[in-house]
There are 2 protein chains.
Amino acid sequence: MLKPTLLIALYKLAELGAYAQEVSLSTGAFAKGLGLSQQTASRRLIEMERLRLIERSIDGKAQRVRITRVGLNSLSEMYKTLKPAFEGAKQELTIKATVFSGLSEGSYYMSMEGYRKQFKSKLGFDPFPGTLNLRVTKDSMIQRRELESHPFVNIDGFADKDRTYGGARCYPVVVGRKVHGAIVMPIRAHYGEDVIEVIAPENLRRKLKLQDGDLVEVQVSPATS
Amino acid sequence: MLKPTLLIALYKLAELGAYAQEVSLSTGAFAKGLGLSQQTASRRLIEMERLRLIERSIDGKAQRVRITRVGLNSLSEMYKTLKPAFEGAKQELTIKATVFSGLSEGSYYMSMEGYRKQFKSKLGFDPFPGTLNLRVTKDSMIQRRELESHPFVNIDGFADKDRTYGGARCYPVVVGRKVHGAIVMPIRAHYGEDVIEVIAPENLRRKLKLQDGDLVEVQVSPATS
DNA sequence: ATTACTAGAAGGCGAGTAT
DNA sequence: TATACTCGCCTTCTAGTAA
């Protein structure tokens with residue numbers, strides 16, 4: 001994760017509207033917003049630029065700043081984490097979706113200890129090594145978006161000696177009105193917004209006798225507090 | 001504002017669900033989540049408790065942590081700031097509301113240089129020293145809530161030698177299809193959710209010939225990016 | 001196992017200043 | 001006016017360890 005001071009600096013830029021367009025900004029004014037010295041504000045901008053969180057165009061005196069896609073990703077992660085806390089999902093949600101065959105990378109990831117350990121301790125079940133790929137129906141896209149207001153379990157990313165593995169958010173669900181499992185949303189999403197992956201302690205395809213194109217219902221419970 | 005390191009620590013607790021209920025937490029596990037040492041995580045919890053951002057119940061070994069109302073306020077402020085960036089309001093919004101007489105503290109605050117300076121530079125007009133108090137109609141409460149997805153201008157709080165004055169969010173609007181002004185939302189809200197205060201360069205009551213109970217339309221433009 | 005203290009190390013801060 | 005460098009101080013970290 002980003003250093004707290006940088007994340008807050010980025011956040012302050014978003015507050016100034018730099019998420020949508022370039023904003024004019026002096027290091028002095030930025031310093032005031034941060035409650036720090038001009039020198040430190042300058043340093044922050046340099047650091048953020050170096051990490052490609054922002055882009056700057058300096059014209060001698062005035063400089064214009066804009067948050068990049070990379071920077072927005074960091075803030076978006078934060079936003080999505082806070083959302084369930086402040087948009088208290090009160091209703092149960094049912095998402096309708098059709099089965100399709102993915103690249104079956106799922107089984108590879110699910111069997112990795114770095115993930116499996118977390119699923120077991122945080123979700124309370126040992127996942128079947130494979131994911132059920134679903135494409136959300138057009139009618140259910142409203143519910144799909146509401147999913148983000150529901151509480152989730154955070155799965156941390158990790159690294160082995162070769163590469164890093166990203167984190168994910170898991171939403172506990174009931175599949176086909178029968179099997180308890182979870183929707184897994186990788187934090188760095190690779191599929192489109194209409195695709196969801198579901199895991200469960202059992203082989204969902206077999207247990208629910210599913211084939212490509214079949215329709216399934218995925219139910220998400222409201223916050224239980 | 002809260003120190004960045006504390007704010008992030010608080011945010012991490014929210015990620016663990018501590019906004020809704022007590023969560024069991026060891027300083028070691030928390031440290032891992034923060035990417036810091038166990039000792040520092042322990043110190044963070046102590047600091048947050050001292051500032052009443054969290055409450056802890058320590059039973060010898062296990063401790064349970066929960067974010068307090070105060071802590072949630074800090075996170076909520078953050079959430080509301082990020083919302084316009086990620087819920088991109090695309091439509092114009094019209095809020096219907098009725099005029100009522102407030103305590104007319106408005107004129108006192110509006111004439112304070114600490115606020116007036118900011119209104120002039122950030123909103124582009126010198127506000128008439130007084131606010132128009134409006135009560136949102138029941139039918140418009142949906143729009144009232146959507147307001148929070150719209151971009152706003154941040155007015156910083158400040159302090160003189162006697163007391164501190166809180167910050168506010170300002171949403172640029174058109175009142176009565178005629179006058180450009182802004183809704184002022186104090187960050188520490190004192191009224192209920194259905195009350196909004198509007199400022200403008202002119203006396204809105206006179207200009208629009210408004211009396212208590214009259215209905216006015218307040219239009220909010222979509223994000224212009 | 002925990003939590004949290006103390007002490008030394010590391011890193012971040014603002015002052016001063018060059019450009 | 002700006003931005004951003006170096007320097008020395010001071011805050012904040014981790015390590016070690018007590019309870």
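The chains referred to below are lettered A, B, ... by the order of the sequence lines, with proteins before strands, and numbering in each begins at 1. Every heavy atom of this structure was used, including side-chain atoms; hydrogens, water molecules and symmetry mates were not.
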Euclidean distance, atom CZ of residue B/R50 to atom P of C/dA4 [Å, nearest integer]: 14 Å
Between B/S24 and B/R64, do the side chains contain an N or O donor and an N or O acceptor separated by less than 3.5 Å? yes
How would you summarise protein contacts on nucleotides 5-19 of chain D per nucleotide, using B for base, S for sugar-phosphate only and - for none, with heavy-atom distances below 4.0 Å? B------SBBBB---
Interatomic distance, B/I54 CD1 vs C/dT3 P [rounded to whole Å]: 12 Å
Find the distance B/R64:CZ to C/dT2:P and express it as a whole number of Å. 16 Å
Would you say CZ of B/R52 has more than 12 non-hydrogen atoms from neighbouring residues, nucleotides or ligands within 6.0 angstrom? no
d(CG, A/L45; P, D/dA4) in whole Å: 8 Å
Between the side chains of B/S149 and B/E87, does any donor sit under 3.5 Å from an acceptor? no
Rounded to whole Å, please give me the gap between NZ in A/K32 and P in D/dT3. 15 Å
side-chain contact (heavy atoms from CB on, under 4.5 Å) assessment of B/L7 paired with B/S74: CA-CA 8 Å; B/L7 193 57; B/S74 292; 4.2 Å; yes
Rounded to the nearest Å, what distance is computed from the CG atom of residue A/L34 to the C1' atom of nucleotide C/dG12? 14 Å
Could you give the CE-to-P distance, from A/M48 to D/dT3, as a whole number of Å? 13 Å
Is there a donor-acceptor contact under 3.5 Å from the side chain of B/Q118 to the main chain of B/D156? yes
Check whether the side chains of B/S26 and B/Q63 place a donor and an acceptor atom closer than 3.5 Å, and report yes or no. no
